[in-house]
Amino acid sequence: MNPLAQTNELFFNRSGMDEGRVTRLVQDTLKGLDDGELFLEYVSSENFVFDDGKLKMTNADTSQGFGLRGVVGDVTGLAHATTLDEAAIKRAAQTVQAVKTGRTGTAAMDPAQTNRHLYVDANPLSAMAFEDKIALLQAMDAYARGKDPRVSQVSVTLAGSWQAVQIIRASGQRLADIRPLVRLNVSVIMKDGTRQESGWAGGGGREAYARFVDPKYWMPMIDTAVKMAETNLRSVDAPAGETTVVLGPGWPGVLLHEAIGHGLEGDFNRKKTSVFTSLLGSRVAAPGVTVVDDGAIENRRGSLTIDDEGTPTQRTVLIEDGILVGYMQDRLNGRLMGTGSTGNGRRQGFAHKPMPRMTNTHMMSGNYAPEEIIASVKNGIYAAQFGGGQVDITSGKFVFSAQEAYKIEDGKITTPIKGATLIGSGADALKKISMVGNDSALDGGIGTCGKDGQSVPVGVGQPTMKIDGMTVGGAAV
């Protein structure tokens with residue numbers, strides 16, 4: 001069954017709404033506006049937390065509703081409800097029409113349609129029995145504890161959701177998408193005497209549970225978490241000061257996402273609040289640095305067949321060989337900036353308005369082998385994984401803590417260190433990149449991005465790369 005037929009069953013056949021009348025209501029409401037849509041959404045989700053050898057929490061949730069949006073210029077009217085009936089949509093229409101205030105607009109062109117499907121529409125929640133999910137968590141807990149007698153605590157989380165959306169536009173165009181999403185995480189704490197350290201690993205994507213519940217997947221994942229904790233038990237205080245930093249591939253791209261990616265979203269640049277405003281065509285990064293946002297990668301956590309305005313996602317080059325060449329756009333900001341949408345219009349749910357957001361944002365591979373990059377460093381730090389951090393989206397200034405890091409001495413990775421904090425600004429760090437590795441990789445599928453109170457799943461990634469002269473905060477001087 002195709003997505004439109006499936007969502008018709010959810011939103012019309014079950015609710016008793018008449019799709020013809022609802023479509024005409026949307027057309028009448030949005031007539032004379034620049035843009036807008038009716039966004040219908042149904043989400044079922046579940047979450048399991050297995051901690052300290054016990055099932056600590058399990059929950060299941062189902063939600064549905066609609067958001068009716070009208071746009072005139074840069075003014076948005078949004079009304080939403082959890083009730084799927086025509087009367088509720090009519091009440092919302094009265095609210096949305098208030099944005100007209102005597103003004104009229106020219107309806108924006110509908111998004112192009114696509115027959116592409118980036119993920120299967122199978123519901124992960126029903127593809128695996130409840131008892132099997134609990135057995136999986138128990139097996140993971142036992143395996144982690146058996147890896148090393150110093151493992152004192154294990155926490156495993158399993159989460160899945162199934163989202164169905166249908167978008168009805170002013171022209172009567174209707175678009176739909178069925179979106180599965182799963183995630184599996186493990187964290188461990190190891191004790192050695194009075195000292196304890198942690199490690200973690202995780203993965204997920206827009207697919208069912210099958211790949212992740214296979215021991216061939218989760219055993220290496222737990223090995224990674226235990227190795228990180230064991231490494232941190234041997235760590236010494238990180239040196240402080242300005243030094244060369246080498247970032248590992250994959251998840252360390254979260255720094256790129258936060259410190260640079262947000263500054264390349266269209267709304268910040270239209271409002272001239274980004275450090276990258278008005279720099280299209282200018283050099284913003286070192287030669288060899290190419291950054292893309294790609295929402296059209298099969299099964300990835302940040303991918304979407306269509307975005308939340310109905311636009312097919314795409315591969316958008318943001319920085320090419322160090323030159324800023326593009327921004328990520330939703331329909332509103334793309335229309336006002338004269339570029340059109342890049343398929344980056346995203347919303348947390350029906351009660352939220354769409355805005356330009358990242359999907360899978362990553363730096364492309366360069367020409368250097370990772371070993372060659374490490375060998376080029378006399379004294380520095382290798383940051384293999386990141387933990388938390390803080391970023392000023394407007395300026396790109398960041399503070400990120402390394403969860404797993406090592407000293408680099410005479411071209412070799414040596415002693416593990418703890419407490420390393422990277423401090424700087426995204427725009428400055430881009431220009432200090434001196435070597436880009438040939439091993440670009442996306443993270444395992446664990447990213448969630450927050451902006452203006454909305455959270456959406458994303459992917460991040462990068463190759464191994466060397467940054468000259470970065471400030472590092474640490475306990476040792």
Side-chain angles (χ1 to χ4, degrees), residues 34-35 69 71-76 78 108 253-285 289-295 302 304 307-309 311 313-320 322-348 352-363 389-400 424-431 447-462:
D34 288 324
D35 210 350
R69 181 183 67 141
V71 180
V72 177
D74 63 352
V75 178
T76 295
L78 175 68
V254 67
L255 190 153
L256 177 82
H257 167 103
E258 295 288 4
I260 299 162
H262 281 294
L264 299 177
E265 292 168 337
D267 49 353
F268 293 120
N269 288 280
R270 179 178 64 82
K271 296 172 184 177
K272 302 186 185 303
T273 57
S274 167
V275 68
F276 296 106
T277 297
S278 303
L279 291 181
L280 280 176
S282 302
R283 177 166 296 284
V284 297
V289 173
T290 295
V291 179
V292 304
D293 182 85
D294 192 347
L304 295 168
D307 71 6
D308 294 324
E309 299 176 301
T311 305
T313 53
Q314 64 181 45
R315 180 180 185 273
T316 301
V317 180
L318 305 170
I319 299 172
E320 186 169 20
I323 306 298
L324 180 61
V325 297
Y327 300 126
M328 291 165 280
Q329 301 285 16
D330 63 350
R331 287 177 62 87
L332 185 154
N333 289 280
R335 172 173 51 83
L336 294 176
M337 295 179 73
T339 65
S341 173
T342 56
N344 289 91
R346 305 191 64 186
R347 63 205 303 168
Q348 179 174 308
H352 303 81
K353 66 179 182 179
M355 64 180 80
R357 304 292 300 273
M358 285 173 274
T359 56
N360 303 300
T361 310
H362 58 285
M363 183 184 296
Q390 295 179 330
V391 177
D392 182 320
I393 291 176
T394 300
S395 67
K397 292 182 178 179
F398 61 80
V399 177
F400 268 88
S425 76
D428 185 51
L430 280 174
K431 295 175 181 176
T448 298
C449 173
K451 176 180 175 181
D452 289 352
Q454 295 191 44
S455 296
V456 296
V458 297
V460 303
Q462 66 175 45

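- In this structure, Thr277 and Phe268 approach most closely via the heavy-atom pair OG1-O, 3.9 Å.
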From CA spacing to verdict: side chain to side chain contact (heavy atoms under 4.5 Å, CB included), Val460, Leu256:
CA-CA 8 Å; Val460 303; Leu256 177 82; over 6 Å; no
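- Rounding to the nearest 0.5 angstrom, the gap separating the CD atom in Gln314 from the OG atom in Ser341 is 7.5 Å.
- Remark: side-chain polar atoms of Thr313 are not paired, donor with acceptor, to backbone N or O of Gly343 under 3.5 angstrom.
- Counting heavy atoms from C-beta outward, Ile260 and Val291 have side chains that stay 4.5 Å or more apart.
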Please step through side chain to side chain contact (heavy atoms under 4.5 Å, CB included) for the pair Asp330 and Asn344, ending with a clear verdict.
CA-CA 5 Å; Asp330 63 350; Asn344 289 91; 5.9 Å; no
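- The CG atom of Leu430 sits 11.0 Å away from atom CZ of Arg283, with the distance rounded to the nearest 0.5 Å.
- Gly295 approaches Asn360 most closely through the heavy-atom pair CA-ND2, 4.2 Å.
- Residues His262 and Cys449 are in side-chain contact: their nearest non-hydrogen atoms beyond the backbone lie under 4.5 Å apart.
- Taking a cutoff of 4.0 Å between a charged side-chain nitrogen and a carboxylate oxygen, Asp267 and Lys451 qualify as a salt bridge.
- Under 3.5 Å, the side chains of Asp293 and Thr359 contain a donor-acceptor pair of N or O atoms.
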Would Leu332 and Arg270 satisfy side chain to side chain contact (heavy atoms under 4.5 Å, CB included), going step by step from the backbone distance to the final call?
CA-CA 10 Å; Leu332 185 154; Arg270 179 178 64 82; 4.0 Å; yes
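- Val254 has its side chain within reach of Phe400: a pair of non-hydrogen atoms, C-beta onward, lies under 4.5 Å apart.
- Looking at every heavy atom in both residues, His257 comes nearest to Val458 through CE1-CG2, 3.9 Å.
- A pairwise comparison of heavy atoms in Gly73 and Asp34 identifies N-OD2, 2.6 Å as the closest pair.
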CA sep, side-chain torsions, deciding dist, call: Ser282, Leu324, side chain to side chain contact (heavy atoms under 4.5 Å, CB included)
CA-CA 6 Å; Ser282 302; Leu324 180 61; 5.7 Å; no
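- Taking each heavy atom of Gln348 and Gly453 in turn, the nearest pair found is OE1-O, 3.7 Å.
- A 4.5 Å side-chain heavy-atom check between Asp307 and Arg331 finds every atom pair outside the cut-off.
- Rounding to the nearest 0.5 Å places CG of Leu280 at 9.5 Å from CG of Leu264.
- Salt bridge Asp308/Arg347: absent, no basic N to carboxylate O contact under 4.0 Å.
- The line from OG1 of Thr290 to CD1 of Ile319 is 8.5 Å long, rounded to the nearest 0.5 Å.
- In this structure, OG1 on Thr76 lies 5.5 Å from CZ on Arg69, to the nearest 0.5 angstrom.
- Here the closest non-hydrogen pair linking Pro354 and Gly345 is CB-C, 4.4 Å.
- The CG atom of Asp74 sits 8.5 Å away from atom CZ of Arg335, with the distance rounded to the nearest 0.5 Å.
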